[in-house]
Amino acid sequence: MLVAPKMLPNVVTLLYDTILENADELEELDRILGDGDHVVNLLRGLEVLKTKSGDLVAVDWPQAFQFIGMSLMSSVGGASGSLYGTLFLKMGGALKESELTTNRMADIFSQGVDAMKARGKSDVGEKTMLDVLVPVAQCLVQLSAEGVERRVLLATVSKVAIDGVEATREMVATKGRAAYLGSRTVGHVDAGAKSSQLMLCALTGFLAGDD
Ligand code: ADP
Ligand code: MG
């Protein structure tokens, strides 16, 4: 098992702190390429999850993912709220067993990211969070199928996420608010890609220390 749902409150707090620590940079990115509310949106959602920690520990993995999805959907707002909500709702629906293994995580995360693509009518190369999440999903599926050692898998996921953010710098945004700015978006990384990477790297760090 990766972590038990009872560890989720710690993960939520970690993600909240991670976004807060990087708030200035993220806010600036969304101010340049969007409307500047990305940090406020994420912190609102994570804050609600923090206050509902008691509900998270009382359920199994499929229910926990569904709960997180519904909560994010209704509290985050903005494009990122419906996209992250979709990710977790799909993961919860796709997970048929109460126990979470690395292979199952790779499979349901991949299905969740596919659902985000459908929801956002978007794909890699459009300067969004999908430029981090799609390669991470592909990497997870590949490495878990190969049965690579857990620490290697976590380190590789972090690297793929960081490379994904950096790749958005030279892209022209074609989805979301940034699309209105067209070629003027070149030279800046996408706020959603950056926040996804920061949260993923915080999570891999947490899991690496959770043997
Ligand atoms: P909003 O754009 O509604 O203000 P946020 O600021 O919270 O919402 O989130 C913006 C981020 O959402 C962007 O940086 C981008 O990564 C992501 N995003 C926006 N639209 C899409 C889309 N259609 N598909 C995938 N990701 C998107
Ligand atoms: Mg915004």
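Atoms within each ligand, like the ligands themselves, are counted from 1 in listed order.
D24 has its side chain out of reach of V39: every pair of non-hydrogen atoms, C-beta onward, lies at least 4.5 Å apart. K127 places none of its side-chain heavy atoms less than 4.5 Å from the side chain of K175. Two residues are said to be in side-chain contact when any heavy atoms from C-beta on lie closer than 4.5 Å; Y16 and L42 fail this criterion. Counting heavy atoms from C-beta outward, P135 and V124 have side chains that approach closer than 4.5 Å. Between F109 and V136, some side-chain heavy-atom pair lies under the 4.5 Å cut-off.
When atom types are taken as modelled, the side chain of D107 and the backbone of N103 share no donor-acceptor pair closer than 3.5 angstrom. D17 contributes no side-chain N or O that, together with a main-chain N or O of L14, makes up a donor-acceptor pair within less than 3.5 Å. Judged by distance alone, with hydrogens and angles left aside, the side-chain atoms of T185 form no donor-acceptor pair with the main-chain N or O of L181 at under 3.5 Å.
Taking the N/O/S atoms of D30 in turn, the shortest distance to the Mg ion (ligand 2) belongs to OD2. When distances from the Mg ion (ligand 2) to the N, O or S atoms of D35 are compared, OD1 comes out shortest. Residue D37 approaches the Mg ion (ligand 2) most closely through its N/O/S atom OD1.
For atom 13 (C) of ligand 1, the nearest non-hydrogen atom of the protein is D190 OD1, 3.5 Å. Remark: minimum distance from atom 6 (O) of ligand 1 to any protein heavy atom is reached at D37 OD1, 3.0 Å. Looking at atom 3 (O) of ligand 1, its nearest protein heavy atom turns out to be A79 N, 2.8 Å. Among protein heavy atoms, atom 9 (O) of ligand 1 sits closest to H38 ND1, 3.3 Å. Among all protein heavy atoms, the one lying closest to atom 12 (O) of ligand 1 is M129 CE, 3.7 Å.
Between the choices S122, S80, G120, G34, the shortest heavy-atom distance to atom 24 (N) of ligand 1 belongs to S122. For the residues L29, L83, L26, the heavy atom positioned nearest atom 26 (N) of ligand 1 is part of L83.
The atoms of ligand 1 that sit less than 4.0 Å from any heavy atom of G192 are 14 (O), 16 (O). Every atom of ligand 1 with a heavy atom of D35 under 4.0 Å away is listed here by number and element: 4 (O). Remark: ligand 1 atoms within the under-4.0 Å shell around heavy atoms of D30 are 6 (O). Every atom of ligand 1 with a heavy atom of G176 under 4.0 Å away is listed here by number and element: 19 (C), 20 (N). Atoms of ligand 1 lying under 4.0 Å from any heavy atom of G78, numbered from 1 in the order shown and given with element: 3 (O), 8 (O).
Side-chain atoms of Q142 and E146 include a donor-acceptor pair closer than 3.5 Å.
Close N/O approach between L130 and ligand 1 is not found [any backbone or side-chain N/O within under 3.5 Å]. By the 3.5 Å distance cut-off applied to N or O atoms, K127 is not counted among the residues near ligand 1.
The residues E166 and R169 are annotated as salt-bridged, a charged nitrogen and a carboxylate oxygen being separated by less than 4.0 angstrom. Using a cut-off of 4.0 Å between Lys/Arg side-chain N and Asp/Glu carboxylate O, D190 and K194 are scored as not salt-bridged.
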Discussion item. Please determine whether side-chain hydrogen bond (donor to acceptor under 3.5 Å, both in side chains) holds for the pair T204 and S158, giving the CA-CA distance in whole Å, both sets of side-chain angles, and the decisive distance to 0.1 Å.
Written reply: CA-CA 7 Å; T204 55; S158 302; 2.8 Å; yes
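Only the side chain of R177 comes within 4.0 Å of ligand 1, counting heavy atoms alone; its backbone N, CA, C and O stay farther away. Counting heavy atoms under 4.0 Å from ligand 1, residue T128 touches it through both backbone and side chain.
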